[in-house]
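Remember, predicted model here, so these are calculated numbers, not experimental data.
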There are 2 protein chains.
Amino acid sequence: MRIGELSERTRTSPRSLRYYEQQGLLTSDREHNGYRDYGANAVATVQTIRSLIEIGLPTALVKEVLPCTVGEKSEAACPELLARIAALREDVRSRAERLKDVETALGSYLEANSR
Amino acid sequence: MRIGELSERTRTSPRSLRYYEQQGLLTSDREHNGYRDYGANAVATVQTIRSLIEIGLPTALVKEVLPCTVGEKSEAACPELLARIAALREDVRSRAERLKDVETALGSYLEANSR
DNA sequence: CTTGACCTTGACGTTGATGTCAGACTTTAC
DNA sequence: GTAAAGTCTGACATCAACGTCAAGGTCAAG
């Protein structure tokens, strides 16, 4: 599919799609005319990318965790990468925990102020 | 306390402290010479602000939830504000959930690739 | 009274994830 | 064939949350 179709199906601007590609998060073939040509899995990939970015991960981190989310066994699972991923996971866990705390605080506030 | 002391005690740059004040997140009195004068509670306030920003909330949202985190009953708990806070809470909950998902995905990846 | 540390405001620089626009080519519809 | 719509690259614009620097006021120490 071309960039316009992918853009519609993921509700993501062509500009962002090109940016993701430039950052190495997304790949595409090229038609004879130079137009980008995406496979069907691109839709899922873009949705994952957007989720990760939306929760606050910078593209550099997204690039690292992206291969992990497809759930395949990687060939080059060197210990360094595993350690990096583990640290990332801890970072994410910490963020989630603090968000949970904020949610709880907001909940308490709501309860205390709903009569 | 002056801005230098608050800066040290919160490990936050004076620039950021002034920025928070400009955004309406932080208040200060002024000494006769124009120097900012912070109360003791400013330390806790700044730490809360930094936590919220660090987990990805923009200052505009921080400004809204900040009064809720001090846990006092607000006088002006109009229904609109409560609805706004409830929506915020839902947003935060959603973010936390997706972060949890990412953490789980990373955990699965680590488990699958640790021998 | 001067030096140095601290404070002030104001302005410009930076980074990440885009928006937007220009200029050119391709494809599609008529 | 011509116009409209889609795509390309490249460049400049934006926004938040700062960093950094300039020019000047304040104050304790020598």
What nitrogen or oxygen pairs link the protein and nucleotides 20-22 of chain D at under 3.5 Å?
| from | atom 1 | to | atom 2 | distance (Å) |
| --- | --- | --- | --- | --- |
| D:dT20 | O4 | B:Arg15 | NE | 3.1 |

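- Ion pairing between B:Glu31 and B:Arg2 holds under the 4.0 Å rule for side-chain N and carboxylate O.
- Computed from coordinates, the A:Ile53 CD1 to D:dA16 P distance equals 19 Å when rounded to whole Å.
- Residue B:Tyr19 places its side chain closer to D:dA16 than to any other of C:dT27, D:dT9, D:dA16.
- Look at B:Arg36 and you won't find any side-chain N or O under 4.0 angstrom from OP1 or OP2 of C:dC7.
- The distance between atom CD of B:Glu54 and atom C1' of D:dC18, rounded to the nearest whole Å, is 15 Å.
- In this structure, CG of B:Leu6 is placed 14 Å from C1' of C:dC7, rounded to the nearest angstrom.
- With salt bridges taken as basic N to acidic carboxylate O contacts below 4.0 Å, one links A:Arg98 and B:Glu54.
- The CZ-P distance, from B:Arg30 to C:dC7, rounds to 12 Å in whole Å.
- Side-chain proximity of B:Tyr35 to the nucleotides D:dG25, C:dG19, D:dC18 is greatest for D:dG25.
- Rounding to whole angstrom units, OH of residue B:Tyr38 and C1' of C:dC7 are separated by 11 Å.
- Of the candidate nucleotides D:dC8, C:dT8, D:dG19, D:dG19 has the atom nearest to the side chain of B:Ser13.
- Take the nearest nucleotide of DNA chain C for A:Gln23 and for A:Asn33: the residue whose nucleotide is more 5' is A:Gln23.
- Rounded to whole Å, the distance from NZ on A:Lys63 to P on C:dA17 is 12 Å.
- You'll find that the side chain of A:Arg2 is closest to C:dT28, out of D:dA16, C:dA17, C:dT28.
- Put simply, A:Tyr20 and A:Tyr35 are part of two different groups of oily side chains (I, L, V, M, F, W, Y) that touch within less than 4.5 Å, one to the next.
- No donor-acceptor pair under 3.5 Å is formed between the side chain of A:Asp29 and the backbone N or O of A:Asp37.
- Straight-line distance from the CD atom of B:Gln22 to the P atom of C:dT9: 10 Å, rounded to whole Å.
- A:Ile3 places its CD1 atom 9 Å from the C1' atom of D:dC8, with the value rounded to the nearest Å.
- Checking D:dC27, D:dC18, D:dT7 against the side-chain heavy atoms of A:Arg18 singles out D:dT7 as nearest.
- In this structure, B:Thr12 OG1 and B:Arg50 CZ are separated by 4.0 Å, a value rounded to the nearest 0.5 Å.
- Relative to the side chain of B:Pro58, the nucleotides D:dA17, D:dT7, D:dG19 differ in distance, and D:dA17 lies closest.
- At C:dT18, one or more side-chain N or O atoms of A:Tyr20 fall inside 4.0 Å of OP1 or OP2 (strictly under the cut-off).
- For the pair B:Thr59 and B:His32, nearest-nucleotide mapping onto DNA chain D gives the more 5' position to B:Thr59.
- The existence of a salt bridge linking A:Glu21 and A:Arg36 is confirmed by a sub-4.0 Å separation between a basic side-chain nitrogen and an acidic carboxylate oxygen.
- Residue B:Ser16 has its side chain nearest to D:dC18 when only D:dC18, C:dT18, D:dT9 are considered.
- Counting only N and O atoms by type, the side chains of A:Ser16 and A:Ser13 include a donor and acceptor under 3.5 Å apart.
- Classification of A:Arg93 and A:Glu90 as a salt-bridged pair holds, one side-chain N sitting under 4.0 Å from a carboxylate O.
- As judged by a 4.0 angstrom heavy-atom cut-off over every strand, B:Arg50 is placed among residues making no nucleic acid contact.
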